[in-house]
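In this text the structure is predicted, and so the values were computed from the model without any measurement.
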Amino acid sequence: MQQQALLAHDIYPHIRTVMGMVIGLGVTRLLSGVARIVQHPGQHFLYPVHLAWVVSVLLSLVHFWWWEFALFQIDAWTFGTYLFVIGYAILLFLQCALLFPDSLQDYKSYEDFFLARRAWFFGLLATTSVFDVIDTLIKGEQHFSRFAGEYMVRTPILIVFCIVAARTRSKTFHVTFVALALAYQLSWIFRLFDTLI
């Protein structure tokens with residue numbers, strides 16, 4: 001039993017390193033995109049909804065790195081668990097790639113690009129919310145019970161909002177959705193994750 005605990009203790013830093021590389025790529029993508037906007041402000045028309053999602057996803061990446069510290073509680077790692085956690089990080093990176101593509105050459109503005117790719121972005125966002133619930137379950141029943149009630153309300157609501165966002169070009173809906181999502185995201189973090197203990 002002591003050997004198993006020692007192995008879990010040794011494995012977690014390795015997994016955290018791989019997660020960190022993927023999350024680091026996402027942060028780099030977002031910050032490079034913002035830097036391009038600052039360097040060449042007139043190159044492409046900005047879209048406030050796009051920029052708000054950039055803030056939200058950047059906050060998600062930073063928060064992911066913060067809360068995944070709880071993975072140290074896992075006593076026995078399997079390849080499936082490892083693959084799931086890395087997959088979760090990859091989903092977050094893909095959201096970053098959809099916010100700042102390699103080129104906007106075929107699009108008139110960030111708004112044009114964002115609305116053209118909204119089904120992909122909101123599909124990934126909905127999938128990420130489901131992965132969040134599973135990730136919390138992986139950390140154990142006691143950990144999950146802390147969030148279960150709120151998960152059962154917020155996850156279906158977020159998925160419905162993502163489905164609508166993927167289908168509509170309504171500016172009012174997109175502004176409302178990102179504003180509510182950011183407000184809730186900040187509330188979630190400061191209410192439940194302000195400390196790691």
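- Within the 6.0 Å centre-distance limit, the rings of Phe113 and Tyr107 are counted as a close aromatic pair.
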Tell me, with the steps shown, if Phe122 and Phe161 meet ring-ring contact (aromatic ring centres under 6.0 Å, His included). CA-CA 9 Å; Phe122 291 112; Phe161 268 73; over 10 Å; no
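- Legend: residues meeting side-chain hydrogen bond (donor to acceptor under 3.5 Å, both in side chains) with Thr172, ordered by chain and number and at least two apart, are absent.
- For Tyr151, the side-chain hydrogen bond (donor to acceptor under 3.5 Å, both in side chains) partners at least two apart in sequence or on another chain are Asp132, Thr136.
- Between Phe177 and Val164, the closest side-chain pair of non-hydrogen atoms is not below 4.5 Å.
- Rounded to the nearest 0.5 angstrom, Leu124 CG and Arg117 CZ are separated by 12.5 Å.
- In plain terms, the two heavy atoms of Gln95 and Thr128 that are nearest each other are NE2-OG1, 2.8 Å.
- Ser103 is linked by a side-chain hydrogen bond (donor to acceptor under 3.5 Å, both in side chains) to nothing, counting only residues two or more places apart in sequence or in another chain.
- Smallest separation of non-hydrogen atoms from Leu58 and Leu31: CD2-CD2, 4.3 Å.
- A cation-pi arrangement is present between Arg16 and Trp65 under the rule of less than 6.0 angstrom and at most 45 degrees off the ring axis.
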Could you tabulate the donor-acceptor pairs under 3.5 Å formed by side-chain atoms of residues 182-191, not counting sequence neighbours?
residue, atom, partner, partner atom, Å
Tyr184, OH, Glu150, OE2, 2.4
Gln185, OE1, Ser56, OG, 2.8
Gln185, NE2, Ser56, O, 3.0
Gln185, NE2, Ser60, OG, 2.8
Ser187, OG, Arg191, NE, 2.7
Arg191, NE, Ser187, O, 3.4
Arg191, NH1, Glu150, OE1, 3.2
Arg191, NH2, Glu150, OE2, 2.5

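- Thr155 places no side-chain N or O within 3.5 Å of a backbone atom of Met152 that could act as its donor or acceptor partner.
- In this structure, the side chains of Met19 and Tyr82 stay at 4.5 Å or more apart for every pair of heavy atoms.
- A parallel orientation is assigned to the rings of Phe84 and Phe131, their planes being inclined by less than 30° (bins at 30° and 60°).
- A ring-centre distance under 6.0 Å is not found for Trp120 and Phe114.
- Residues Leu30 and Phe100 share a closest heavy-atom pair of O-CE1, 3.7 Å.
- With contacts defined as side-chain heavy-atom distances shorter than 4.5 Å, the pair Ile23/Phe93 does not qualify.
- Residues satisfying the side-chain hydrogen bond (donor to acceptor under 3.5 Å, both in side chains) criterion with Asp106, sequence neighbours excluded, are absent altogether.
- A distance of 13.5 Å separates CD1 in Ile163 from OG1 in Thr168, rounded to the nearest 0.5 Å.
- When side chains are defined from C-beta on, Tyr110 does not count as touching Leu99, because their heavy atoms never get closer than 4.5 Å.
- Separating the CG atom in Leu104 from the CG atom in Asp112 is a distance of 9.0 Å, to the nearest 0.5 Å.
- Side-chain rings of His50 and Phe45 stay apart, their centers remaining 6.0 Å or farther from each other.
- Here Arg167 pairs with nothing under the salt bridge (Lys or Arg N to Asp or Glu O under 4.0 Å) rule; sequence neighbours left out.
- The two residues Gly26 and Cys96 have their closest heavy-atom pair at O-SG, 3.5 Å.
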